[in-house]
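Worksheet: the structure to be examined is printed underneath.
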Amino acid sequence: MPARTVVLSLVLGFIFPALSSGQQKAEGNAAPRIQEFPVVLQHDVVAGKTAVGTKVSAKLAIATLVGKTVVPKSALFSGEVVESVAKTATAPSRLMIRADSVQWKNDSLPIKAYLVSWYYPTVAASGQDLQYGPQQSAAATWNGEGEYPDPNSKVYRPFPDSNSDKKSSVPVTPNSMTSSRRVPIGNVDLQVLKNGALALISAHSNIKLDRITTYVLLSGDLSPVR
């Protein structure tokens, strides 16, 4: 019998606003019940293609306070793929990634955190939403990959063309940065199992995660929402 699960698509909308990029301090001396870590994967992961047991690592995108320890930016989370199922005609795609430890230059911590269905989009200085450089179309939906760059776009020019100034090798692209506001991955839901594990599910397409996007690892007790 499969473990009973609860879909957290809407519930996480109440959890995450209470956090601030994984840095919210505990009240008094109590540890935060739920901890968020914005991370960039070091490998592409595809449900059904990346095998269960595959080792996964991710770099922390911003220094984060865990208890009384500051985990610095670029600290490396290590874990593995726990579940990886491709979508079929009758069953959704499923993906579970669990981190077991985080290490940095002078220290390390054991940790139990799961990748959840949120990410931090890349935005232009003007606030324009970007993925891989080009502007997203209004009808685009996020599936972990984003849209491919249009080589004819005036917005996205990864390399100087033959008519550009040969003295300059700087790509002609808008200034961009990672948004400080996380958003849900389109067409991907989150399940919490009885043992507290968190799994991504999608009835729309196979779940695909890349090495460019900042995703979210979540640790802590989610029992209040079960």
Step-by-step side chain to side chain contact (heavy atoms under 4.5 Å, CB included) determination, Tyr119 to Thr214
CA-CA 6 Å; Tyr119 78 104; Thr214 300; over 6 Å; no
Heavy-atom distance under 4.5 Å between the side chains of Asp210 and Leu41, does that happen here?
no
So CG of Asp189 and CG of Leu200: to nearest 0.5 Å the spacing works out to 9.5 Å
State, to 0.1 Å, how close Leu217 and Ala99 come at their nearest heavy-atom pair, and which atoms those are.
CD1-CB, 4.1 Å
Roughly how far, to the nearest 0.5 Å, is the OH atom of Tyr120 from the OG1 atom of Thr213?
13.5 Å
Check whether any side-chain heavy atom of Arg182 lies under 4.5 Å from a side-chain heavy atom of Glu36, and answer yes or no.
yes
So, for Ala47 and Ser93, which heavy atoms are closest and what is the spacing to 0.1 Å?
CB-OG, 3.2 Å
CD1 of Ile201 to CD of Gln191: how many Å apart, nearest 0.5 Å?
3.5 Å
Between Trp104 and Ala75, the two heavy atoms sitting closest are CB-CB, 3.9 Å
Hey, are the side chains of Pro38 and Leu60 touching, using non-hydrogen atoms and a 4.5 Å cut-off?
yes
Take Thr64 and Val70 through the side chain to side chain contact (heavy atoms under 4.5 Å, CB included) test and state the conclusion after the steps.
CA-CA 6 Å; Thr64 303; Val70 175; over 6 Å; no
Whether His43 side chain and Ser57 backbone form a donor-acceptor pair below 3.5 Å:
yes
Under 4.5 Å between any side-chain heavy atoms of Met177 and Val123, yes or no?
yes
Would you say Leu115 ends up clustered with Val82 if hydrophobic residues are merged whenever their side chains have heavy atoms under 4.5 Å apart, either directly or through other cluster members?
yes
Would you say Val56 and Val81 make side-chain contact, with heavy atoms under 4.5 Å?
yes
Distance-minimising heavy-atom pair for Gly196 and Tyr114:
O-CE1, 4.0 Å
Evaluate Val52 against Met96 for side chain to side chain contact (heavy atoms under 4.5 Å, CB included), listing each step before the verdict.
CA-CA 9 Å; Val52 170; Met96 185 190 299; over 6 Å; no
Return yes when atom NZ of Lys87 has more than 12 non-hydrogen atoms of other residues, nucleotides or ligands closer than 6.0 Å, and no otherwise.
yes
Between CG on residue Asn187 and OG on residue Ser205, distance to nearest 0.5 Å
6.5 Å
What I'd like to find out is whether the side chain of Ile111 reaches to under 4.5 Å of the side chain of Phe77, using heavy atoms alone.
yes
What are the two closest heavy atoms between Val46 and Ser84, and how far apart are they?
O-OG, 3.7 Å
Close side-chain approach of Ser101 and Ser78, heavy atoms under 4.5 Å:
yes
Can you confirm whether Val216 sits close enough to Phe37 that some side-chain heavy atom of one is under 4.5 Å from a side-chain heavy atom of the other?
no
First locate atom CG of Leu95, then atom CG of Leu198, and finally report the distance between them rounded to the nearest 0.5 Å.
12.0 Å
Closest heavy-atom pair and its distance - Gln35, Val66
OE1-CA, 4.2 Å
Audit row: Val102, Leu76, side chain to side chain contact (heavy atoms under 4.5 Å, CB included) steps and yes/no:
CA-CA 5 Å; Val102 56; Leu76 193 66; over 6 Å; no
Main-chain N/O of Val40 paired with Gln42 side-chain donor or acceptor, under 3.5 Å
yes
Salt bridge or not between Arg98 and Asp100? Use side-chain N to carboxylate O under 4.0 Å.
yes
Output the distance between atom CG (Leu209) and atom OG1 (Thr50), rounded to the nearest 0.5 Å.
8.5 Å
